[in-house]
Amino acid sequence: MAALKPVSPMALASPQRCDTAGVANPEAALSRRFLYYMSLMREAEDRIERKLYRQGKIVGGVYVGRGQEAICVGAGLVAAPQDVLFPSHRDLGLFFIRGVEPREVFAQYMGRAGGLTQGRDANMHMGDLNRRIVAIISAMAAAVPVAAGAAMALKQQRSPNIVFVFFGDGATSRGDWHEGINLAAVQKAPLVLICNNNQYAYSTPLDKQMACRDVADRAPGYGIPAEIVDGNDAWAVYEATHRAAEHARQGLGPYLIECKTFRMTGHSAHDAGDYVPKDRWQEWGAKDPIVRMEQLMLERGYASRQQLDDLHAEIRGQVDEAVAWAEASPFPDPSTLTDNVYEPAPAPAPTVEKA
Amino acid sequence: MAALKPVSPMALASPQRCDTAGVANPEAALSRRFLYYMSLMREAEDRIERKLYRQGKIVGGVYVGRGQEAICVGAGLVAAPQDVLFPSHRDLGLFFIRGVEPREVFAQYMGRAGGLTQGRDANMHMGDLNRRIVAIISAMAAAVPVAAGAAMALKQQRSPNIVFVFFGDGATSRGDWHEGINLAAVQKAPLVLICNNNQYAYSTPLDKQMACRDVADRAPGYGIPAEIVDGNDAWAVYEATHRAAEHARQGLGPYLIECKTFRMTGHSAHDAGDYVPKDRWQEWGAKDPIVRMEQLMLERGYASRQQLDDLHAEIRGQVDEAVAWAEASPFPDPSTLTDNVYEPAPAPAPTVEKA
Amino acid sequence: MQVTYLEAIRQGIWEEMERDPSVFLLGEDIGVYGGAFKVTAGMLDRFGEERVVDTPISESAIVGAAIGASFMGMRPVAEMQFADFISCGFDQIVNFAAKCRYRWNAPVPIVVRAPSGGGIHGGPFHSQNPEAWFVHTPGLKVVQPSTAYDAKGLMKAAIRDNDPVIFFEHKALYRRIKGEVPSADYTVPLGKATIFREGRHLSVITYGAMVHVAAEAAEILEQEGISMEIVDLRTLLPIDEETVLASVRKTSKAIVLHEATLTGGVGGEISARITEKAFEYLDGPVLRIAAPDTPVPYSPPLEEAFLPNAGKLLEKARWLVRY
Amino acid sequence: MQVTYLEAIRQGIWEEMERDPSVFLLGEDIGVYGGAFKVTAGMLDRFGEERVVDTPISESAIVGAAIGASFMGMRPVAEMQFADFISCGFDQIVNFAAKCRYRWNAPVPIVVRAPSGGGIHGGPFHSQNPEAWFVHTPGLKVVQPSTAYDAKGLMKAAIRDNDPVIFFEHKALYRRIKGEVPSADYTVPLGKATIFREGRHLSVITYGAMVHVAAEAAEILEQEGISMEIVDLRTLLPIDEETVLASVRKTSKAIVLHEATLTGGVGGEISARITEKAFEYLDGPVLRIAAPDTPVPYSPPLEEAFLPNAGKLLEKARWLVRY
Ligand SMILES: Cc1ncc(C[n+]2csc(CCOP(=O)(O)OP(=O)(O)O)c2C)c(N)n1
Ligand SMILES: Cc1ncc(C[n+]2csc(CCOP(=O)(O)OP(=O)(O)O)c2C)c(N)n1
Ligand SMILES: [Mg+2]
Ligand SMILES: [Mg+2]
């Protein structure tokens with residue numbers, strides 16, 4: 001497992017970095033942010049999957065990122081506010097980082113009008129152009145060409161911003177993944193590609209998904225750099241993503257980061273994951289990214305146990321409140337069913353009597 | 001450019017090799033076969049593109065493999081008769097190798113009933129399951145997953161046979177290319193992948209098609225071997241394909257061969273290829289695979305100039321005859337228009353009077 | 001034996017695999033996991049890895065590989081995990097599979113299974129009914145059973161058929177519908193509709209889950225003295241026009257009902273054929289009931305408003321009978 | 001100014017690129033080569049590589065990238081080299097582009113250009129008319145002009161539209177049809193059909209190249225004292241039902257004509273709407289004329305038999321008028 005890499009002062013000076021400039025101990029501050037978002041994600045997803053789903057309060061399927069929180073959080077905190085994010089289905093943390101309220105998320109999962117898609121789409125299929133987050137469609141990797149196009153547009157616009165697209169190991173088998181990366185590479189579009197290689201796609205293990213060893217083995221085929229990081233180490237993900245983002249911002253094109261991790265659940269709430277050999281749960285349970293971040297913070301004196309406990313309590317409180325709000329919130333009005341399939345026709349111009 | 005590789009005796013002993021065992025000088029015999037098929041292909045395509053097309057006798061578009069004949073002929077002569085071929089649109093030689101008559105080809109291009117598709121499809125969109133040649137559809141690389149499936153089936157059937165699929169550099173950008181190779185690789189299906197990298201896809205040069213240097217750079221991403229050969233050297237293609245075929249037959253899975261070549265025409269008969277820098281025509285014209293094979297044969301004493309001239313004369317005669325036959329042959333009968341969209345319903349069983 | 005619609009499909013596949021070694025399965029998570037809906041449960045153990053192939057996430061390659069294997073004499077049954085993903089393998093289906101026989105006389109005996117339909121709160125990407133795309137693609141056959149009996153019999157017929165068959169399985173019926181299924185071998189022929197329920201006053205032409213919606217409405221209408229005939233198309237391509245027309249000629253009134261969205265749906269085709277070929281028999285307009293032209297919404301009140309149901313059918317049926 | 005249908009499309013794109021810097025083009029061979037049909041000829045020189053993007057052979061990425069760019073405020077115009085390859089980008093169109101506005105309020109203002117249609121001996125993969133698939137996909141708009149005037153005006157409207165538009169250009173019209181095109185800026189609104197030719201005895205509802213087939217037949221019928229109205233749909237989704245119904249209410253007889261294959265084609269939808277909403281006005285069955293349900297054959301005698309033509313229309317029109 002990659003050791004925690006110290007943050008280089010140069011890296012911290014970059015304006016694209018998480019805003020820790022002027023903070024007394026930027027590393028401590030950033031560690032706290034990692035921990036906060038990872039814990040919020042964990043708490044929200046635990047509540048959804050282990051409580052609300054079992055109570056029958058969630059509509060449809062539930063896919064969580066338990067054990068993988070360091071990936072979206074580590075990468076997400078590299079992104080500048082106007083950078084564009086394309087989360088996949090285990091990247092809830094990105095929404096929180098972009099200021100989506102927990103209650104919007106719970107309402108989303110419960111099919112309420114207050115959800116990010118107003119009850120029109122399910123769970124992680126949410127997005128908000130104002131927050132520069134694009135909603136996935138179900139088809140794995142379909143977001144990759146779309147992200148490539150967004151990146152091409154930013155380049156055309158001479159924007160300082162870049163695009164981050166997230167996907168799993170299984171998604172890399174799709175034609176769209178290949179076409180999207182290839183196009184982005186030819187166009188040198190500013191695209192950071194973040195693979196959560198959690199070693200399974202639903203029930204399908206890696207060796208049934210691909211015959212190469214690492215997803216990163218594919219990068220040379222697109223003429224782009226890649227690196228492999230410990231996906232359970234938020235700092236490692238952050239550092240690598242930072243390198244990738246700099247590469248993209250400098251106009252050098254796409255950059256692939258493969259985050260090795262493990263899906264610490266079944267594929268979805270209805271799947272117990274019986275096909276996973278038992279010892280792998282144990283092996284990877286010991287690498288929990290939240291526990292590791294806490295340990296690091298304690299070791300380095302970034303926080304006391306009490307402070308950490310307080311943080312978790314605070315998050316639980318936030319989530320309690322959000323769930324209560326969502327449960328009390330209304331379902332969408334069926335009379336809106338056919339709204340917004342197309343842009344509404346503009347109101348007819350007021351007719352003026354001819355003189 | 002790769003030097004002519006001597007044929008190793010071991011290689012020649014393989015039963016899958018072109019049937020030259022017992023021939024006094026197998027290398028000479030095989031050289032003659034290379035030359036014959038390459039010249040037949042050249043003559044037939046010249047006739048189609050430069051004569052019949054201009055005379056308005058060809059229906060629809062014309063795509064030829066001028067300058068690239070060494071690829072399909074070099075690879076095609078490795079294939080055992082029951083191996084399955086998936087030609088692309090510049091691989092006419094494969095049809096001749098499989099015993100398709102020149103007149104069937106001319107009739108095909110003229111939309112006649114005697115064409116391989118009986119006038120239902122155009123030019124190189126031809127195939128014949130009896131000859132173990134699968135017809136392409138237009139969509140580039142769509143044949144790759146199909147070839148993967150054929151190879152999987154052969155493996156399941158414990159067949160000694162394997163599958164060869166041909167495609168261009170441009171086709172490698174398609175999602176189907178990626179999905180097909182990946183599946184074949186995971187399944188260790190006996191699939192030989194032959195890329196004619198002629199450096200253009202229609203008007204699009206390689207650097208607008210991919211950001212890697214060689215198509216072969218993609219092989220590691222599928223965990224399969226690849227090699228790059230001089231695509232204008234039939235022997236080099238033959239040798240590489242032989243290695244690939246052995247690999248596949250031994251159950252080791254797919255193998256990619258990238259043949260560097262150049263398209264010595266526009267994309268199709270209506271395209272003059274003005275976008276190609278002039279010096280490249282010259283550069284590659286000097287590498288003509290047919291001229292080179294003749295030189296080799298003369299140098300090594302495999303044939304005299306007279307014999308070569310006789311061969312070309314014989315081929316011209318064959319082609320003259322075939323063209324005449326095709327021109328005199330009928331168009332399909334419009335009354336057959338709706339036949340064979342589906343399998344015809346079986347004739348109703350004769351009703352027997354109940355006793 | 002009473003079995004679910006799902007179990008009937010499973011039996012159909014299983015029995016064909018037993019009878020014919022050229023039948024094999026490929027798709028995502030169909031082996032170890034037994035499929036997202038467990039249709040292929042147990043098959044890996046019985047038939048082994050070579051005949052139950054867990055593939056990468058590659059719908060285009062799944063369909064393509066099925067086609068290629070079929071050229072080698074196999075009869076592949078490919079699973080799309082949800083019908084919604086069939087659009088990822090679309091080109092292989094509509095351009096490769098559908099056209100080979102016509103173009104170069106190469107049959108493509110494959111089955112592409114596609115669990116479709118709403119009513120399970122699956123949202124826009126786990127609820128679609130995309131059959132009309134394929135009905136507009138000559139060379140394909142398109143099937144959607146409504147009962148356990150048909151599900152098994154049509155599956156067996158589809159696997160034995162020498163043309164590519166897109167086999168839609170309605171997810172909401174998987175475990176909701178049970179029916180008697182013979183233990184002896186049988187098939188239900190492709191291309192033949194069936195009279196699901198006889199009636200005299202009007203015909204409803206439908207298929208899949210909507211057959212049961214129609215049946216529910218028919219019961220209620222019966223109380224009102226209205227006798228509604230239900231034609232279950234079963235195969236959507238080729239369409240069994242004769243059975244449809246015979247029913248309409250008898251009742252003189254017709255409603256076409258489907259769960260897919262209205263515009264460009266199969267309903268238009270059926271309605272057009274009725275008008276074209278039974279105009280003289282019609283005592284009222286041919287009506288269509290279908291989902292509105294929107295994506296399938298996720299939230300229960302929206303989805304409920306979206307799906308056709310007995311209430312919507314009753315309203316139109318009563319109106320048409322009175323016409 | 002008299003220009004070809006092709007030149008009209010070219011002008012429409014060109015002018016929109018001049019007016020709006022957010023408009024840009026992407027597709028295969030559209031830059032240096034100016035497109036397989038030369039629709040984008042000269043644009044690379046005028047607008048530069050960033051606004052005229054030659055892409056790899058990747059229809060899915062082309063459509064996907066257009067969607068992504070549109071989220072960033074661009075108005076991409078994507079070219080499919082032939083409409084036949086649109087099936088390679090199908091999922092991006094029907095699942096991504098079509099559903100974003102409805103799902104999460106994200107407009108997708110893209111145009112996907114697709115040169116379609118037969119009559120050029122292109123065979124099964126360079127002749128298809130796949131519009132019906134998209135007409136069955138809520139969230140898309142679908143356009144097919146028949147004249148130079150409409151081609152330019154609809155293209156400009158499509159580019160300015162805030163929803164995804166699939167723009168079918170009939171290849172056989174590219175250089176065969178000429179027409180007057182204003183030099184001043186104008187648009188032809190999406191969603192509005194037009195009466196191409198007025199008539200009293202029957203209506204033919206059609207679009208694209210078949211408008212000209214209908215016009216040819218109308219001339220002949222005129223000699224016979226039969227006055228045939230031609231409704232040119234222009235936009236296929238949303239359908240301008242009112243114009244269709246108004247025509248049929250006037251003439252009481254209707255034929256729907258299209259070049260795409262019959263079953264599941266747009267004709268069924270139009271026919272069904274007429275029957276459903278103008279039943280009382282009908283003095284005869286609504287007929288359909290379309291290509292038979294086969295792939296598009298390549299050889300001239302087969303293709304000729306395949307394509308609808310004036311003769312086939314005349315026959316049905318005469319029959320219907322006499323009905
Ligand atoms: C094109 C497509 N086919 C099938 C599915 C069904 N499906 C949903 S998630 C999933 C597995 C995804 O695996 P991976 O990409 O590794 O992501 P992970 O869930 O492991 O994070 C599958 C097969 C899908 N969403 N899209
Ligand atoms: C999916 C798809 N898109 C576009 C085309 C149109 N087209 C036909 S050949 C060709 C170029 C193919 O280039 P390459 O694969 O390098 O083969 P080459 O012609 O150079 O041998 C293109 C773009 C096509 N056939 N298929
Ligand atoms: Mg995974
Ligand atoms: Mg090429």
So which of [options] has the largest heavy-atom pair count under 4.5 angstrom toward chain C?
options	result
D:A272, D:G89, D:P238, D:P130	D:A272
D:A278, D:G264, D:C88	D:G264
D:E59, D:R273, D:E280, D:K99	D:K99
D:T263, D:T275, D:D293	D:T263

Assert yes or no for the condition that the ring centre distance of C:F90 to C:F134 is strictly below 6.0 Å.
yes
Taking the ring centre of each residue, are C:F71 and C:W104 less than 6.0 Å apart?
yes
Is it the case that atom CD in D:E241 sees more than 12 heavy atoms from other parts of the structure closer than 6.0 Å?
yes
Quick check on D:K192: does its NZ atom have over 12 non-hydrogen neighbours (other residues, nucleotides or ligands) under 6.0 Å away?
no
Of the listed residues (C:D91, C:V256, C:V266), which shares the most heavy-atom pairs with chain D below a 4.5 Å separation?
C:D91
Look at C:G268, C:G267, C:A132 and state which one has the largest set of heavy-atom pairs under 4.5 Å with chain D.
C:G268
Where on [X] is there a heavy atom nearer than 4.5 Å to chain C: the side chain, the backbone, both, or neither?
X	value
D:I239	side chain
D:Q92	neither
D:R103	side chain
D:L237	side chain
D:V286	both

Is any side-chain N of the basic residue among D:D283 and D:K253 closer than 4.0 Å to the acidic one's carboxylate O?
no
Would C:E269 and D:R288 pass as an ion pair if we require N to O under 4.0 Å?
yes
Side-chain (D:S87) to main-chain (D:D84) donor-acceptor, under 3.5 angstrom
yes
